[in-house]
Amino acid sequence: MTKHTATDTAAGGPGAVPAMEEGLALASAEVPKESQTTYRPFFKRVLAQKQGRIGLTITVVVLAFAIFGPLLLPWATGNTATEFVAKPFSEYGIFGSDNLGRDVLSRFLAGGLTLFVYALLATVLGMVLGTIIGMIAAYTGGVLDSIIMRLNDVILAIPQLVFALLAITVLGPQGWVLVTVIGITHAPRIARVARSATLGVITEDYILAAEMYAVPRWKIIVRELLPNITGPLSVEAGLRLTYSIGYIASLSFLGLGLQPPAADWGLMINENRIALSVQPWGVLLPVFAIAVLTIGTNLLADSFARAVASTSVENT
Amino acid sequence: MFAKVIGRRLILSAFILLAVSLLVFGATLLLPGDPARAILGQQATPERIAALNEQLGLNQPAWQRYFSWLGGLFVGDFGTSTASGGPVSELIGERIGASFVLMLLAGVISVPLGIAIGVWSALHRGRRRDQATTMVSLILASMPEFVIGIGLIALFATSVFQFLPAVTLAPPGEPVWNLPLQLVLPTLTLVLVVTPYIVRMMRATMIEVLDSGYVEMARLKGVPEQRVIMRHALPHALGPVAQVVAIQLAWLAGGVVVVEFLFRYPGLGQALIDAVTYRDVQVVQAISMLVAAVYVVVNLAADVVGILTNPKLRSAA
């Protein structure tokens, strides 16, 4: 990975960002290389690491809350009081009630699913667009490559959150706007990674062989190139999922994502933060959940990166 | 030789900003409804709407409006705010100082701090304190900024201790730097968000450099360890870090938005959120362009530093 960064920085124009961008900085020296004779599948290499196991576990636990939470609402989402009530384990619910007297625990259990679904959709959209753009740029090369990369620089010049705010101003705070704009602004960042990973395998003999057999270009991209860059792409997917969760939660927190009366973690924090000193649960539960979920997905991304780095012997 | 390279980067930067302006302006063409009606309200007579359209230049074709808007940007005329009716430049002028102070404080603290912690961590590679640093920076780098900010508020301003103000309560017109205590939590939040990235990158490049042949050579010929680190290793490790620092500084321009909202800090970010809420397009456009300009300039600066300090790049390009 460090190699790509060096070449990317040299080749990029202004606004050029190294491939690992905000990212995973692993020194190549500290990842043990595996011998070429022992092959272990990717998921085993991920789970062999402590942070891979921890990341997977806490992601799954928070996701279980988010997905099954809406099914086990203990006190429905109806009002139990008329205002903030902070008495834990009272008739107002285990964690008290929120600004409108609604049960905090129920709102909390119901509020994680949309956040995760939006973040996942945005990540998938970004991955698909970014991978296609990056691979085409790398494989075609020449003028098209330069044009695509310069257009990427244009989108990269606007921070993702500001871009999302611009889109929301024009189109309104709707779910599809959030998902689309986060996905589209992920794409150039992912395209950089896909492009440099593709450039790394494009000179391999099997690509030359496929070209000699006059295999159609799209088939080479799908069958020969794509399977060989899944490593860096998986790292990217983990990272982008972490950022997507952050952006979508942030937008909801700003009051520009899901709109009341929706139950949503980001929105809950916004609604309840004025009472942080008297009724902290309405803020702390969702804050804690978002923190743990992003830590989990980022730990997973980091262990993906280590798993990929440990096989770079085989790839070269 | 490298004046030419830098010149090319300059032209590219200008091109990028121009394209960004097209994008930012083009987005508003998607806007349903018309701004004149939004300003005057539903009961406005068609004559008044037509008059206001004339006044705002909205009856001209889009390309003509684009060029007059673009021309305005160069002379500091950002148009008229639909929400307040006043010029956008006035609003920006009032707010930009506060945001700049916050970004400057965060940058000045996190860059040296990140480099120092990264080097320290690399020198203790594999030990407990290195593993702890790596873990803490990974955790901090995962969380969105408002989560860190609320954690800090709960810790220092409300639930646990109560010695720092949770929100900025500056009387209107009072500069924020007159109330240093209120700057602590917003600055700390940004520092905690930005520093981990610098730490991780610094640590990685430092480890790479410490394993290199010339560091081994310097050690073998008996150079004192401190000198090896300060004169031989550090300067080489700083190159790639400059890029990450640039990205982080540019990120600050967008990242202050959420932090300012969280702490009710009277800066541009807060103004941007208000503008989005009221769909005040002119203000959103102006602030987006400003943020993009900061990003492009900071990256250009990092590129120039990179070209000037890297002899290989200098001759290759």
Side-chain angles (χ1 to χ4, degrees), chain A residues 2 5-6 9-10 13-18 21-30 51 150-151 153-163 165-172 242 245-247 249-250 253-256 269 273 276-277 280 283-284 287 290-291 294-299 302, chain B residues 9 12-13 15-17 19-20 23-24 27-28 30-31 125 138-139 141-147 150-151 153-154 158-159 166 197 200-201 203-204 207-208 211 240 243-244 247 250-251 253-255 257-258 261 272-273 275-277 279 281 284 288 291-292 295-296 299-300 303 306 313 316:
Chain A
T2 354
T5 322
T9 317
V17 185
E21 210 191 329
E22 300 111 341
L24 291 165
L26 288 180
S28 56
E30 58 183 320
Q51 71 240 58
R150 291 293 88 79
L151 286 179
D153 287 344
V154 173
I155 296 184
L156 287 173
I158 308 178
Q160 282 184 274
L161 196 78
V162 175
F163 208 117
L165 292 175
L166 185 66
I168 291 168
T169 313
V170 177
L171 300 165
T242 310
I245 295 169
Y247 286 127
S250 296
F253 166 70
L254 294 172
L256 300 166
I269 298 167
R273 72 192 169 114
L276 187 61
S277 49
V283 175
L284 293 186
V287 160
I290 294 172
T294 48
I295 291 169
T297 51
N298 209 22
L299 277 174
D302 192 66
Chain B
R9 298 270 152 110
L12 256 169
S13 303
F15 160 77
I16 287 174
L17 270 180
V20 168
L23 193 72
V24 167
T28 57
L30 299 169
L31 196 70
R125 186 205 322 183
L138 181 73
I139 287 173
S142 315
M143 293 186 280
E145 53 271 28
F146 76 95
V147 166
I150 286 179
I153 292 179
T158 54
S159 304
Y197 293 103
R200 285 163 71 79
M201 194 65 197
R203 176 179 176 276
I207 284 176
E208 202 129 299
D211 283 342
Q243 283 282 332
V244 171
I247 293 163
W251 176 87
V257 173
V258 181
F261 176 81
L272 178 61
I273 300 298
V276 176
T277 312
R279 305 185 90 168
V281 178
V284 178
S288 306
V291 171
Y295 181 91
V296 170
N299 267 291
L300 183 69
D303 275 351
L313 241 173

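Values in this document were obtained by computation on a predicted structure and should not be read as measured data. Protein chains get the first letters and strands the later ones, always in sequence-line order, with residue 1 at the start of each.
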Quick check on the interface: out of A/Gly246, A/Ala157, A/Ser250, A/Ala249, who has the most heavy-atom pairs with chain B under 4.5 Å?
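So the answer, after comparing A/Gly246, A/Ala157, A/Ser250, A/Ala249, is A/Ala157.
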What residue in A/Leu151, A/Ile155, A/Ile158 has the most heavy-atom pairs under 4.5 Å with chain B?
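Among the listed options, the one with the most contacts to chain B is A/Ile158.
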Side chain, backbone, both or neither of [X] within contact of chain B (heavy atoms, under 4.5 Å):
X        : result
A/Val283 : side chain
A/Ile295 : both
A/Ile269 : side chain
A/Leu254 : both
A/Leu165 : both

Set out, in order, the CA-CA distance, both residues' side-chain angles and the distance that settles side chain to side chain contact (heavy atoms under 4.5 Å, CB included) for B/Leu138 and A/Leu299, then state yes or no.
CA-CA 8 Å; B/Leu138 181 73; A/Leu299 277 174; 3.1 Å; yes
Separation between [atom1] of [X] and [atom2] of [Y], rounded to the nearest 0.5 Å:
X        : Y        : atom1 : atom2 : value
A/Asn298 : B/Ile139 : CG    : CD1   : 10.0 Å
B/Met143 : A/Ile245 : CE    : CD1   : 13.5 Å
B/Ile16  : A/Leu156 : CD1   : CG    : 8.5 Å
A/Asp153 : B/Tyr295 : CG    : OH    : 7.5 Å

Give the ring-plane orientation class for A/Phe253 versus B/Phe261, where under 30° counts as parallel, over 60° as perpendicular and anything between as tilted.
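Because their plane-to-plane angle is over 60°, the rings of A/Phe253 and B/Phe261 count as perpendicular.
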For B/Leu272, is it the side chain, the backbone, both or neither that has a heavy atom under 4.5 Å from a heavy atom of chain A?
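B/Leu272 touches chain A through side-chain heavy atoms alone.
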Which heavy-atom pair separates [X] from [Y] by the least distance, and what is that distance?
X        : Y        : answer
B/Leu12  : A/Arg150 : CD2-CD, 3.2 Å
A/Asp302 : B/Arg200 : OD1-NH2, 3.3 Å
A/Val154 : B/Val20  : O-CG2, 3.6 Å

Hey, mind stepping through A/Thr294 and B/Val147 against side chain to side chain contact (heavy atoms under 4.5 Å, CB included) and telling me if it holds?
CA-CA 10 Å; A/Thr294 48; B/Val147 166; over 6 Å; no
Audit row: B/Leu23, A/Leu166, side chain to side chain contact (heavy atoms under 4.5 Å, CB included) steps and yes/no:
CA-CA 10 Å; B/Leu23 193 72; A/Leu166 185 66; 5.9 Å; no
Do A/Val170 and B/Val281 pass the side chain to side chain contact (heavy atoms under 4.5 Å, CB included) test, and can you show the C-alpha distance, the side-chain angles, and the key distance before you say yes or no?
CA-CA 8 Å; A/Val170 177; B/Val281 178; 5.5 Å; no
